[in-house]
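Note sheet for the following structure.
By convention in this document, chain letters (A, B, ...) are assigned in the order of the sequence lines, proteins followed by strands, and residues within each chain are numbered from 1. This structure is a prediction, so every number in the text was calculated from the model and none was measured.
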Amino acid sequence: MTVLGSNELSAAALPATPAIRGGLLDRFWPGVSLAPSILLFLILTLLPIANLVVMSFHDITWQQGRATWTPVGLRHYAALANDPLFKAGIGNTAVFATVAVAVQMLLGFFLAVLTSRVFHGRVIYRTIFVLPILVPGIVIGAMWKLMYNFDFGIINQAIGLVGMMPRDFLGDRSLALASVIVVDIWHWTPFCFLLLLAGLESLPQDVFEAARIDGAGFWQELRHIILPLMLPTIAVTLLFRLIVAFKVFDEVFLLTGGGPGTSTEVVSFSIYRRFFTEDRMGYGSAMSVVTLFGLALLIIVAQGVARQMRRT
Amino acid sequence: MSDGRIDRRTALQMAGAVATTSLVLGTGARAQTPRQVPMTIVINQSPWFDGFRKIVELYEKETGNKVNLDVNPFAGSLEKQRNSVRAAQGLFDLLIMNGLFYAEMYHGGFLTPINDIDPSFKLDPAIPTFDDTVFFDPVTKTNSSKGKLMSVPINPNIPLLYYRADLYQQKGLKVPTTWDELLANAKALHNPPQMYGIVQRGARGPSDVTYDWFPYFNGFGGELFKDEKAGDFTVTINSPNGKAALEYYVRLAKEAGHPNTGGQAQAQVIQNVVTGKAAHAILVIAAWAQMDDPSKSAVVGKMNLALPPSAPGFKPAPTVGHWLGGIPKNVPKDRQQAALAFMNWFQTYKAQVEYTKAGAPPVRLDVMASDMAKEPANRWMKAMQEGLPLGRQMWTIPEGAQIVAITELRLNQAVTGEMTPAAALNACAKEIHEVIEKGGYKTGRLPDLT
Amino acid sequence: MKRQRTLGPTVATHGALVIAALVVLIPFVWIAAAAFKTQIALLTGAFLFEPTLANFNEVLFTKTSEYLHNFANSLIVGTVSTAIVLAVATLSAHALVRRRAPSWLIHGLLGWSIAFHMIPPITMVGPWFVMFRTVGLDNTMTGLVLAHITLNLPLALWLMCVFVREIPIELEEAAWIDGATAPQLFVRVILPLVMPGLAAAGILTFIFSWNEFAVALNLSQKATATVPVAIAKYAQEFEIKYTEMAAGALLSAIPAVVLLLLGQRHIVKGLTAGAVK
């Protein structure tokens, strides 16, 4: 059984511990290595995840300061089909995640490749390219909202200089989602950049030298050496970036609140509203569970497709 | 063995005597606030928080009692309170609850009725009851003055009409009392993009366009439910009055408002006012402090306040967005008493005067009617004092959180022209009715508007 | 190899990087500049302004401000949780990649961690609050550190798997044959070779812990609150204190910038260690 590409990660096994060497420490080392992760996950994630699943089959109401759990079977899951916010959210989130992550991966990759090829000022470039991710989400939301402002924003001032009419970037239905995506690209490209750069830096240097001696150009080197070697790093970066993009919340919460209309409604924002604001924990949990399975399915399918492509 | 029993009985008798003594002392010495155990108040950071902090310090100094403040971002205050009241043992002894989420605390049975802690406590008559939201009847589940006292108002907050007094003088305009007059005045000053006649808060947010529209809605005689206080939750948002209110709201935006009213949240409305680009705005009193601060405003001394207008035959209806102090059930009795002792001190005239001086609007009407109101810096007091008793609550049930999600979307769609006002209100009525019905209330709805 | 390259491509590379750096920097500089403006100067979008330090004074030194205290808390939570995450993740990654556990455990652990990563934090803070309160870890640094370790472990675990996987198995076999014990092998062979990965995972873990808001808010109180909780207080119900917020954000970026500049040295060290092989 493979779970979400995890088999791509395990490589050759070490030879079994030679019998003569069976020191206690050696024999128990793998267990010692794995125990902290396993314990942490068992203790701190089992309950929240189990709780989430159980809640999704219940209605939870509070009376006299006590919770009452009423089983509702699959009703919450059935109701999702008719939830206008959830439906709009899925569409927008898919567009958002696809566009934003694709651009971030491309930009991050090329910035990383370029940065890895310079020797002077690499520290400076690297620090600059990481800066946006250092700004807390709430500040990014508030500040970009000012920059996008119709009456006073720096962006409208700038396009006014070249004689264009001001646009309401966040209040215009046709622009709002794109505007949020731009902010997300600015905010999250550093994530891709940083990881891909680390991947590049840990590649064995002798391969490059051999390629250069063979007279390979930049693009050949990219296609035949960098990309194949970088594939695991790219895959993990993409995987995590995609998951975080599906959880996008801060930017939407502060920039648009899901509006105008439902043009920037995203799944995690609907979950926040149903689960927390409206205090419908059962229904909100069902939303989370469906999103989780949808995302997992997407990743498994993508992985299958990738494997097929590699074979042909 | 028998020795032990005697010991226990003696101990019990002693404990009883101590309890009786403290009870006698407790009731007898309330005037000068007896020694209390330390307690914790959970509150959100807000423009009026600094005033609250200073008054808490004064209380500590005067009484020697210890008060801890757990100050949270606005966005996190409900989360923290919900966590605490749902735990077996609460963290917080006094909850400062927002007008949008206090209902959840009442209905969920998380609060102790104040007179269960001290039967003799009374809300000072100089403090308005904010559309009776300080009371709760657990049987009918309504905010009725026949119910029990659950909380004490901590911060009064209602929207008032902010207008440019300097421009009014220049153009010889009269402060509007009807919606028609407001439209005429806004049009007279409308000169985009330098000056907008009015800036409305038409965005879809947590509670943006809904809170902005409600003074119009109630001021046109519209009601969300047929008779909420009597327990009749027939949805009447799509009444002819509702339609008139929404059509007016959209028209005002179109003819004298911001070109992108559908994208204006509260921060943008305030930004337009303080930068001198808005001739009018219906804004909460809590935003007033920024108006006369030169580091925050380009219109220092130029703004003034009036009651929101109303349609002929109806009263102005500022929508309350206040904060209430309530005491949870899941904290020890002595800490509940400490919390109540603070509120008892807080509601006195003297404390409220200090509260006002420290920069927070008071909850007592007589403070707003005092000589303090004559100072130019306090020119907001008159409108505030008139407006508070007229304050209306949007809704009083926990399902409000679901209602607001509906109205934010539909009203915003009406403002942006995605839907007609009638269609938006019909959609609101249908969806709100579903929520209310599911909640088990007595309900119904009006025929669709055409 | 550096000398082999002609000048042309290097200039083009720098040119492209400088343009990219400008695009990244302009919004950042704009945010940074806001920290030196008055609120009204910022709101009117004035291009020229008289710089003021009032915002920093407000953030750092007024009576209600607990910023320095929050900053210290964040430093503790950030460094301790990052150190533990890196240790736990690298240890586990090595065991997983070299298949020193049953297959179901390998895939189960990696799959479970990613599923956990997909859950919206808002649905998690409730159960966590209850758990931590039951064992008395709410409002403690330990609780917050534990929570941040768990939140950041999935990413670090997967990343370290990738980096450990890159290490040629022959190196480990050679050490094995030379008689190294398992811990020695891990410390002397694995750790030096995964340095670039550790640096990247470490910086990201630190940043995520440093900026994490939802869990920090719910598990902390006054004494244990972190920087994002402090900064969020500037987004108030009726007034967003943009300029103070910008000042707070600018100050909060300092540790990570320092870490980035220092981290670079470690990466270089890691590379040379790798080259020696």
Taking 3.5 Å as the threshold, show me the donor-acceptor pairs across chain C and chain B, one per line with distances to 0.1 Å.
residue  : atom : partner  : partner atom : Å
C:Gln39  : N    : B:Ser295 : O            : 3.3
C:Ile40  : N    : B:Ser295 : O            : 3.0
C:Leu43  : O    : B:Gln271 : NE2          : 3.0
C:Lys63  : NZ   : B:Glu57  : OE1          : 3.3
C:Lys63  : NZ   : B:Glu57  : OE2          : 3.1
C:Arg133 : NE   : B:Gln89  : O            : 3.1
C:Arg133 : NH2  : B:Gln89  : O            : 2.7
C:Leu217 : O    : B:Lys80  : NZ           : 3.1
C:Asn218 : OD1  : B:Asn83  : ND2          : 2.5
C:Asn218 : ND2  : B:Glu79  : OE2          : 2.8
C:Ser220 : O    : B:Lys80  : NZ           : 2.7
C:Lys222 : N    : B:Asp70  : OD1          : 3.3
C:Lys233 : NZ   : B:Val71  : O            : 3.2
C:Glu237 : O    : B:Gln266 : NE2          : 2.9
C:Glu237 : OE1  : B:Trp323 : NE1          : 3.4
C:Glu237 : OE2  : B:Asn98  : ND2          : 3.4
C:Phe238 : O    : B:Gln290 : NE2          : 3.3
C:Glu239 : OE2  : B:Lys296 : NZ           : 3.0

- request: Find the one option among B:Pro47, B:Ala267, B:Gly276, B:Ala87 whose heavy-atom pairs under 4.5 Å with chain C are most numerous.
  value: B:Pro47

- prompt: Among B:Leu91, B:Leu69, B:Val42, B:Leu283, who wins on heavy-atom pairs under 4.5 Å with chain C?
  reply: B:Leu91

field: Contact origin within C:Val130 toward chain B - heavy atom pairs under 4.5 Å
entry: neither

Heavy-atom closest contact (B:Val274 atom, C:Ile40 atom, distance): O-CD1, 3.5 Å

- prompt: What part of B:Pro294 gets closer than 4.5 Å to chain C, counting heavy atoms only: side chain, backbone, both or neither?
  reply: backbone

query: What part of C:Ile240 lies closer than 4.5 angstrom to a heavy atom of chain B: side chain, backbone, both or neither?
result: side chain

query: Is it the backbone or the side chain of C:Ala235 that comes under 4.5 Å from a heavy atom of chain B, or both, or neither?
result: backbone

Interface moiety of C:Ile231 toward chain B, non-hydrogen atoms closer than 4.5 Å: neither

- request: List in chain and number order the residues that pass side chain to side chain contact (heavy atoms under 4.5 Å, CB included) with C:Ala20, two or more places apart in sequence or in another chain; answer none if no residue qualifies.
  value: A:Leu111, A:Phe129

statement: Turns out that what part of B:Val284 lies under 4.5 Å from chain C's heavy atoms comes down to side chain

